[in-house]
Amino acid sequence: MKTLTNAKILANTVTKYHSIYNAAIKIKAKKNYTAVGAYDYIDETGYKQKIQLKKIAVDTTFQTYAIGYISDSLGFTLSNDFDFAGNIKLLANNEFLNFNGGFRIRHTCSPRKRSWVQFSSDINPKDIYIRISDKLNDINNKELFAALLFSNESNRFYSAFLAPKRKESDQEIISAKGYIGFDKIAEDYEIASMDKLKRLTLLGNHLALDRRNCIMRSEGKIDLKVDLGQVKIESYGNIRHYILPDSTKFELVMALDFPFADKAIDVLIENITGQNLMGIDLSRNIFFKALTDILGEKEANKIISDISLFARIKRYPPELLHTFFFSDVKFKWNYASRSYVSVGPIGIGSIGKKQFNRYVDGYIEIAKKRTGDVINIYIEFDKSKSWYYFNYRNGLMQTISTNQKYNNIIRELKEDKRTFKGAKGQEDYRYIISNLRKKTDFVRRMR
């Protein structure tokens, strides 16, 4: 047959998903043809963009397929929120086109060049979600990140939302994977699991870039990237990184564990018990989210049910038993002191096995020092008449209180009872009574 020109192809006659026009077709047999033609990609707003299909043919199952290519110079968009460049494949049996190349998000929050993110995925133009692989690369195979990062060199946090690290040594504080979508109401790019993006679960990490206000929000399990030896920290919660201007705020649920005298902890518990302290709102979404990440959704829901009925956690799960469990503590990053510094009252969920869910006044500082990371904890109650102070650095925990019974327990313990051998590659740990001046200097500096 002669070559057909200005023809139309309906692929296929059963699904009728795809219509190709301005086609030049060479028919070779009943189920064999080749062609070139044009195809309209129609986005969610109804906007049409022409794709030139350089090869249209029949596969081994006698289904039509077509291949096209879009250069980054054409300004092609998947939507108003995602640019695209690369290869496109049409399969007659598939409702949506397959895009294999690079996508790029649209924002003006960074002076750095926006990256083309390598991907391959079918795209529903009415509801765009793009798979974010565990190992992200740009179209030149340079590694990219979806994370909040900390630079030891500049002593600052920065947002890497589908962007490369500035230095190889920069540390991931929180990252997310799964899919990327765009919330048109909030004007947020979001990265999380599909269930989380669809608001079907709270479980897992989530990153969002607010392109109007240039804020990156992070939620989930957070690694503060401090090394405190046998003092262990686990933290969950939210981070807000204000890209312009540069500042970072944390709202955390934080577990802290370290070897310590049980009798001294009992005195601390006894001292706090019965104090007239403001209660913590345990129905807060951030607390429920942390419980979900720690316990799983089923157990977290049971606890929230307890809270709604009894205003407390009736059966305290062992996963929440720590030396200190802070159910609400807010931090700001202090550039000058290289430290996370608490802001406002500190919410104590539990100490040891005793549940409190009360706020106390005080300060927590977690400092990243070149000579060894440091943590300071100061809590006070009873109108500042009672307080406890802890300082840890380089294997040594120092503590002191207004409660002499507490101090005497620490003083009278034999050295071997206050010393703990570190595992291989880990420093030894011991605790002693501090001096009053150390506490006074810390509190004065915080105030």
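Please read these numbers as outputs of a predicted model, since none were measured by experiment.
Note on ring orientation: taking the six-membered ring where Trp is involved, the planes of Phe442 and Tyr363 are perpendicular (angle over 60°, cut-offs 30° and 60°). Ring geometry for Phe82 against Tyr189 counts as perpendicular: the plane angle is over 60°, on a 0 to 90° scale with 30° as the lower cut. Using the six-membered ring where Trp is involved, Phe250 and Tyr340 have ring planes that are perpendicular, over 60° apart on the 30 and 60° scheme. Using the six-membered ring where Trp is involved, Phe326 and Phe324 have ring planes that are parallel, under 30° apart on the 30 and 60° scheme.
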(Q) Let's go through Arg156 and Asp246 carefully: what are the C-alpha distance in whole Å and the side-chain angles of both, what is the deciding distance for salt bridge (charged side-chain N to carboxylate O under 4.0 Å, His left out) to 0.1 Å, and is it a yes or a no? (A) CA-CA 8 Å; Arg156 295 187 185 279; Asp246 178 16; 3.4 Å; yes

Q. Passes side chain to side chain contact (heavy atoms under 4.5 Å, CB included), Ile222 versus Ile173? Steps please.
A. CA-CA 6 Å; Ile222 295 162; Ile173 303 300; 3.7 Å; yes

Q | Arg114/Asp83 under salt bridge (charged side-chain N to carboxylate O under 4.0 Å, His left out): CA gap, chis, key distance, verdict | A | CA-CA 11 Å; Arg114 289 172 293 135; Asp83 299 327; 3.7 Å; yes

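Between Glu219 and Lys196, at least one side-chain N (NZ, or NE/NH1/NH2) sits under 4.0 Å from a carboxylate O, which counts as a salt bridge. Here Lys421 does not pair with Asp416 in a salt bridge; the nearest charged N to carboxylate O distance is not below 4.0 Å. Under 4.0 Å is where a charged nitrogen must lie from a carboxylate oxygen, and between Asp223 and Lys225 at least one such pair does. Using a 4.0 Å cut-off between charged nitrogen and carboxylate oxygen, Asp293 and Lys289 count as a salt-bridge pair. Ion pairing of Arg211 with Glu187 is present here, as a side-chain N (NZ or NE/NH1/NH2) and a carboxylate O approach within less than 4.0 Å. Using a 4.0 Å cut-off between charged side-chain N and carboxylate O, Glu365 and Lys332 make no salt bridge. A salt bridge links Asp328 with Lys330: the distance from a Lys NZ or Arg NE/NH1/NH2 to an Asp or Glu carboxylate oxygen falls below 4.0 Å. Salt bridge status for Arg217 with Asp188: present, with a side-chain N to carboxylate O gap under 4.0 Å. Ion pairing of Lys184 with Glu44 is present here, as a side-chain N (NZ or NE/NH1/NH2) and a carboxylate O approach within less than 4.0 Å. Look at Asp441 and Arg445 and you find no salt bridge, because none of the NZ, NE, NH1 or NH2 atoms lies under 4.0 Å from a carboxylate O. Ion pairing between a basic and an acidic side chain is recognised when a charged N comes within 4.0 Å of a carboxylate O; Lys221 and Glu172 show no such pairing.
Distance CG/Leu309 to CD1/Ile304: 11.5 Å, rounded to 0.5 Å. How far CE of Met216 is from CD1 of Ile239: 8.0 Å, rounded to the nearest 0.5 Å. The distance from the OG atom of Ser121 to the CD1 atom of Ile130 is 7.0 Å, given to the nearest 0.5 Å. Note: Asp138 CG to Ser115 OG = 5.5 Å, rounded to the nearest 0.5 Å. Residue Leu97 holds its CG atom at 9.5 Å from CD1 of Ile123, rounded to the nearest 0.5 Å. Put simply, OH on Tyr392 and CD1 on Ile377 are 12.5 Å apart, with the number rounded to the nearest 0.5 Å.
In this structure, Lys249 forms no cation-pi arrangement with Trp333, as its terminal cationic atom is not both closer than 6.0 Å to the ring centre and no more than 45° off the ring axis. Stacking of Arg104 on the aromatic ring of Phe84 is not recorded, the 6.0 Å distance cut-off and the 45° axial limit not both being met. Taking the ring centre of Phe420 as origin, the terminal cationic atom of Arg430 falls outside the region bounded by 6.0 Å and 45° from the ring axis.
The shortest side-chain heavy-atom distance between Ile364 and Phe331 falls under the 4.5 Å cut-off. Contact annotation: the side chain of Ile375 approaches that of Ile233 to within less than 4.5 Å [non-hydrogen atoms, C-beta and beyond]. Within the 4.5 Å cutoff, the side chain of Phe99 has heavy atoms near those of the Phe76 side chain.
For the pair Asn98 and Ser120, the tightest heavy-atom approach, listed with the atom from each and the gap, is OD1-OG, 3.8 Å. Summarising the geometry of Ser327 relative to Ile280, their closest heavy-atom pair is OG-CD1, 3.2 Å, with the distance given to 0.1 Å. The two residues Asn152 and Phe150 make their nearest non-hydrogen contact at OD1-CE2, 3.3 Å. Closest approach of Lys438 to Asn391, counting heavy atoms only: CE-OD1, 3.2 Å. Across all their heavy atoms, Asp170 and Ser151 have their closest contact at OD1-CA, 3.4 Å. Of all heavy-atom pairs spanning Asp40 and Lys50, the tightest one is OD1-CA, 3.9 Å.
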